[in-house]
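The next block holds one structure in the form of structure tokens; read it before the comments.
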Amino acid sequence: MKKVLGIIGILLIFLFLIICIIFNERMDLYSKDLFYMDTIINVKFYCSDKNRANDIMDEVDNIYREYHELTDRYNGYDSINNVYYINNNDSSDKEILLDSRLYDLIKYAYDFGLESNGLFDINMGGVIDVWKKYRDKGEGIPSLDELKKANKKNDIILLGDNKIKNNHPSIDLGGISKGYTTQRVGDYLESVGIKYYLINAGGNVLAGSSYNKDYYKIGIQSPDKNGISYVINSSNLSVVTSGGYERNYLYNGVIYHHIISPETLFPTNYMKSVTVVSHDSGLSDLLSTTLFLMDVDSGKEFLKDYDAEAMWILNDNSIVKSEGFSFYEQKWY
């Protein structure tokens, strides 16, 4: 009898330990909507401690807010030399000391621009403003002379040691800021032990490991706005789509969108959208914008230099994929 009671006691202790382990490892889902960089950003992650989760979410909010202010070219802030200050300051100083985060971001985008032979250009703020003026009115298009005049700007000159020449360029980081910042948030979550997360910043999605399943299913919006056109299996992956179907206007039967070629100073018309899959959200953002500005054959060749895959939806709704893209696909709807 004592042996039986002893065995029962051991089993109860073992069962208690299992219950404690399960209870301690149980994770809850935390989710929050943010609004930065003119985008609704949804952040989800799993965590086993509510107080810790709240602290982590506060820091995520801080990261997005700080990068939003650093990259804002329409508003100045007293505490920082941001993009607006670089473009518009009235200081007589020959150089501007930047927050290292902004300097690193500008350098990253500038270097990629060189790799793209200038097709990705962060120094086109004036041209973008002209097109925005016409798009907001919803009528007319700018003349080439107007665009050329707006495109006259000083070169971006990075001096090292977080310094940039104070010569009033026309920096616009809209083609990189969301993806780059989202990657910084992902890096932060990983650094504090959060590995189950999903961030959706408009057309920018960054997925960590998937909780209780093998992968997330990431839907790609149809460029014709009739639902989801494609689904990607995603885990520890970035999925970014660029297209002309969100910010555009129709004039004389032609759709003019917001992605402007530095070669022609006009929107391109090679495709409806391009989606890039890689392990870095900043790179995906850069690539998706750049690939949208070139024809598909040139884009496929350009992509070979990067650890990334792409899918193009052309103007006739046909699909073109890079060689390895099918690895991520789930099914066609």
Inset, instruction - Walk me through it: do Tyr84 and Tyr74 pass the test ring-ring contact (aromatic ring centres under 6.0 Å, His included)? - result: CA-CA 6 Å; Tyr84 177 85; Tyr74 297 106; 8.6 Å; no
Inset, instruction - Start with the C-alpha distance between Glu95 and Lys165, add both sets of side-chain angles, then the distance that settles salt bridge (charged side-chain N to carboxylate O under 4.0 Å, His left out), and finish with yes or no. - result: CA-CA 4 Å; Glu95 57 190 38; Lys165 185 174 180 179; over 6 Å; no
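Residue pairs meeting the salt bridge (charged side-chain N to carboxylate O under 4.0 Å, His left out) criterion with at least one member in residues 257-284, sequence neighbours excluded: Asp224-Lys272. Applying the salt bridge (charged side-chain N to carboxylate O under 4.0 Å, His left out) test to every pair with at least one member in residues 120-146, sequence neighbours left out, gives these pairs: Arg73-Asp129, Lys132-Asp136, Lys133-Glu146. Residue pairs that meet the side-chain hydrogen bond (donor to acceptor under 3.5 Å, both in side chains) test with at least one member in residues 289-298, sequence neighbours left out, are Asp295-Ser298.
Here His257 and Phe292 bring their ring centres to under 6.0 angstrom of each other. Under the 6.0 Å cut-off for aromatic ring centres, Phe45 and Tyr197 do not qualify, their centroids lying 6.0 Å or more apart.
The only member of Asp93, Asn89, Asn154, Asn81 that meets side-chain hydrogen bond (donor to acceptor under 3.5 Å, both in side chains) when paired with Asn166 is Asn89.
Taking Asn236 as the reference, Glu190, Ser209 meet the side chain to side chain contact (heavy atoms under 4.5 Å, CB included) condition, with sequence neighbours excluded. When the side chain to side chain contact (heavy atoms under 4.5 Å, CB included) test is applied to Phe35, the partners found at least two apart in sequence or on another chain are Asp38, Ile40. With sequence neighbours excluded, the residues that form a side chain to side chain donor-acceptor pair (under 3.5 Å) with Lys107 are Asp111.
Classified by interplanar angle (parallel below 30°, tilted 30° to 60°, perpendicular above 60°), the ring pair Trp131/Tyr249 is tilted.
Residues Ile194 and Arg52 have side chains in contact (heavy-atom distance under 4.5 Å, counting atoms from C-beta outward).
Between the side chains of Tyr180 and Thr71, no donor-acceptor pair is found at a separation under 3.5 Å.
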